[in-house]
Structures are given as structure tokens and as C-alpha cells.
Amino acid sequence: MPNARLALDPSFVVAPVSRRTFGTFVEHLGRCVYGGIHDPGHPTADADGFRGDVIDFVRELGISTVRYPGGNFVSGYRWEDGIGPVADRPVRKDLAWHSTEPNLVGVDEFMRWAKKAGVEPMMAVNLGTRGVQEAIDLLDYTNGAGGSFHSDLRKKNGSADPYDIKMWCLGNEMDGPWQIGHKTAREYGRLASETARAMRLIDNDLTLVACGSSGADMPTFGTWEREVLEETYDEVDLISMHAYYWEKDGDLASFLAAGVEMDHFIDDVVASVDHVRAAQKKTKRINISFDEWNVWYLDGEASKNPTDWPVAPVLLEDQYNVADAVVVGGLLISLLKHSDRVASASLAQLVNVIAPIMTETGGRSWKQTTFHPFAQASSFARGDVLRVEMQSPVHETAKYGAVPALDAVATHDPETGDVSVFAINRSLTEELTVDVDTRAFGGVRLVQATTLHDADPYKTVTVDTADSVAPVANDKTSWDGSVLSVVLPPLSWNVVRLAKQ
Ligand code: AHR
């Protein structure tokens, strides 16, 4: 059984844990909104039609921010369609997902849902078919104190107090030819800069996110970031990253190393961003909003039927397996390791659409396999993110060459003394004994070690079998008071929690 070693030290601080790392995403897409968070006929629905069972899961996931309302959807969206009496709202074609948008849920409903769910909203404005004016109208509607047309309209629609939304995305994936209103980097950069400038005239206390590339494989990746930031550097705070991973051509070993690809992607974006900082002689640092990330079996996406415009169709309802959960755990490790530059992140998406939570419209709900690593990381990552000194056996992958079997990150809360280690074993076949050296903490005890693993990496769950994949206690530990030895099963997501003695 190969051995690996991790050395922990409270002084190896990367950055404080950003709660915004544990964000997700609700788009008007498929059954994410209708039948997902909103389902008036459901037995647990409240007076606004929001499902209580979904809100309970959201709380259990420990979600911080929720990005809304898209995604590709936002680039053709008129936010005004979603306010005022529901009976008066227009029904529109949603070109992005070839669906019909009934506009039963809009910004006011979403904000009521966010309050009930205890999450911070992250609002996106349409810079595809629309521009500066509609963005500032929306901002005045949400954040204005009153005394102007749009802020008074919000009051008339039932919300006396401003929503005070802080996080705003300036459009979505504007580099993508599939995007409605797709633009060149210079066109988008100018529009984003003017929009940001106008938004700050209304409310200067905003965190504004410029669109980065839709993925590292975009032909304009790198150049896009540079040109957009050359136009927007002074006006924005964050640049977005989006990445989806899935197992291609049966190459499970490479898929399990998706975190390696995410590490490289983040490093490359940081390099592009800091190049502009240097070239423009700025002191301000632009950080990252990784506002779409997940496993998504993109090549399995059903093509949209151009003759049909359904309301809330079944779209992108990927069923996740054990390997997907280990990969999601690896991606969370990558995001945490980069907490000095990744200020915010959103698992895409929340319910039904490439999601950790699934529902039957009007019926039951359940957790997918990927629910667990997210819930554990958001619940136990506290205080500071610590870099770990790691020695690990390596194995060959077709895509990334030799990769370590072990990937890990730790957090330490200086106030409570709690330490959490998050680790994956990427080996398909071998257990890994990891010696965790805790001497630098001067006296800690083991609270709990858990592992998520199954002999079948392709095991998925249904509503009836949801509990059959979940973290369980890992009894294969031994402890000499300073070094904890823990055996990680092959292809597993693991959490070790320590506390002060
Ligand atoms: O999350 C699904 C889609 O993926 C989003 O609408 C879009 O931004 C991305 O391409």
C-alpha cells in the first residue's frame, strides 16, 4: 500500500477562507427555477411557491452566494418582465435554451427566496441585447432608497427596503459565439466599463465582475482577459472564470485529475490579469470570480428541438456518480488552494440542472453524489486556508502526464483551533496511507475522519437510493499524538477533522 505524507503548519496561510467560495447558481434554465426552487403545487411550498424541502437542502449545503438569473439566459432577458402583478407579466421566448419563459419568478421573488434560504444574491445584468441604461435601471430598482421611478416601483411592488445587492456580473460569457449579443473583447470591454462606471454613480459600494473567457479552450483565451481588462481595469473588481469537466473517452484517470487542469487555468488567468496590472502600472489587484464550475457531461446534452418551446423542460439533468463526487471534491480543493486569488465561486447549478439537488416537480427531492463534498467543505472550511506540504506517489494520466495520487488542502481556525483536511485519492485501484504530521499545532486530537467511496466508481443514485452514496466514518486511522495515519480508499473524497487537545 503506497504511502503519502502531509505536513500541516498554522503559519502556511494562503488566505482567509472566503465564504463566497461556496456559492452556487440559479438560472432560468430547464427545471432549475420552475419545479426546482419554485413549485407552488408542492406540499412544502410556502405562500410564494418556494419549496421548503429545497431550502432545507440549500441550508445543508451551506451555500453563501447564488448567482441569478443566468447564464446564457440573461443575455436575452428583460428584467422588467419579471416584476409587478404576475398576471400582467409577458410570456416570452427564451432563445438561449429554446424554452418559454412564463416570468412567474423575477427579481422580487428571487430576493424573497434568497432571504428565506439565507443566501447572498449575485445578480447578472444583460449586456447581450441590452446595455448601460437597463443595468442602472435594475440597480436603482434593487438598491435605490426611494424617490426615483425604479426604486419607488420596487416599493409599489411590495419591497419597502432596498435589497442592497453587492455582487454584480457584467453580462455572461460574452466571448462565446453561442451567446446572444456575443461581442469582441474590445466591444465588450467598452460596454462593461461604461456600465460599471454608471452603476457606481448610483451605488459605489459594489463588487463588479467582468466576463472572462468561457473556458480555457476558447480560441481567444488569454487575449480576451487582457483586452477586456485593458478597457475595464479601474472599474471592476473581479474577472470571471467558467469551467466544466467530464470523463471523455472512458479516460477516468485523466478525469479524476480535473483539479490539475483547474489549477493551471487559475494560474493562467492570474498571469493574464497581473500582466495588465504591470503594463498599466496599477496597484489595485483584480481577483477571480469562478462563477461557473462543475462536472457537466457536455457531449451528452440533448439537442434542443427548434420547433418546440416548452416551459421548464428537462434540460441538463446530469445524474452524477461516485467519480463525479471525487472530482467535485478535487475542484473544491483547487478553489481553496487558490483562495488568495479566487474571491468567489459558484457551483453551476443548484437544482435539477447539473445540480447537487434533484426534485420531482410536485414530488420528492434528493441529494446527488456531488452534494456531499460541497456540503462537507462548506461546513468544515473555517478560518485560514493552509497550504500543505505534500509527498505522494504519482501515476500516469493520458491528459496530464504524471499526477500525484493525493491532492489536499487544509483549513485552520485560529479562534477555535479547529483544523480540517480535505483530500482525494485519485488512484483507481490503490489505497493510500497518508501520514498527517500535525506537530506544528502543538497538541491536537482527532475529531472525525470520513470517506466517500464505492467499489463502483460509476454508481449513481436515484430518489430511492440517495443514501447509498454518502460520507461514512473512516476507521482506518492510527494516531501517535502527533502523526495521524489515515488510509484513503482508492477513488475517494476524504475529510479529517482535528481539534485542540
Ligand atoms: O450553466 C449552464 C450554462 O453554461 C450557462 O448558462 C452558461 O453561462 C454556460 O455556458
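Remember, it's 1-based here, ligands and their atoms both numbered in the order they're listed.
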Structural part of Asn172 in contact with ligand 1, heavy atom criterion under 4.0 angstrom = side chain
Step by step, work out the salt bridge (charged side-chain N to carboxylate O under 4.0 Å, His left out) result for Asp274 and Arg341.
-> CA-CA 11 Å; Asp274 288 351; Arg341 299 308 297 264; 2.9 Å; yes
Taking only non-hydrogen atoms of Gly71 and a 4.0 Å limit, the atoms of ligand 1 in range are 5 (C), 6 (O), 8 (O)
Describe, in one word, how the ring planes of His150 and Tyr141 are oriented to each other, choosing from parallel (under 30°), tilted (30 to 60°) and perpendicular (over 60°).
-> perpendicular
For ligand 1, note which part of Trp97 has a heavy atom under 4.0 Å away: side chain, backbone, both or neither.
-> side chain
Report yes if some N/O of Tyr244 lies less than 3.5 Å from some N/O of ligand 1; otherwise report no.
-> yes
Could you check atom 6 (O) of ligand 1 against the protein and tell me its nearest heavy-atom contact, residue, atom and distance included?
-> Glu27 OE1, 2.6 Å
What protein heavy atom sits nearest atom 7 (C) of ligand 1, and how far away is it?
-> Asn72 OD1, 3.2 Å
In this structure, are over 12 heavy atoms from other groups packed under 6.0 Å from Asp88 atom CG?
-> yes
Protein contact to atom 10 (O) of ligand 1 [nearest heavy atom, distance to 0.1 Å] = Glu173 OE1, 2.7 Å
Do the rings of Phe290 and Phe265 sit parallel, tilted or perpendicular, given the 30° and 60° boundaries?
-> perpendicular
How are the rings of His28 and Phe73 set relative to one another: parallel (under 30°), tilted (30 to 60°) or perpendicular (over 60°)?
-> parallel
Side chain, backbone, both or neither: the part of Phe25 lying under 4.0 Å from ligand 1 by heavy atom | side chain
Taking atom 9 (C) of ligand 1 as the reference point, the nearest protein heavy atom with its distance = Glu292 OE1, 3.0 Å
Audit row: Asp140, Arg154, salt bridge (charged side-chain N to carboxylate O under 4.0 Å, His left out) steps and yes/no | CA-CA 9 Å; Asp140 196 31; Arg154 183 200 65 240; over 6 Å; no
Can a cation-pi geometry be assigned to Lys248 and Trp246, taking NZ or CZ under 6.0 Å from the six-membered ring centre and within 45° of the ring axis?
-> yes
Polar proximity ligand 1 side, Gln349 side, N/O cut 3.5 Å exclusive = yes
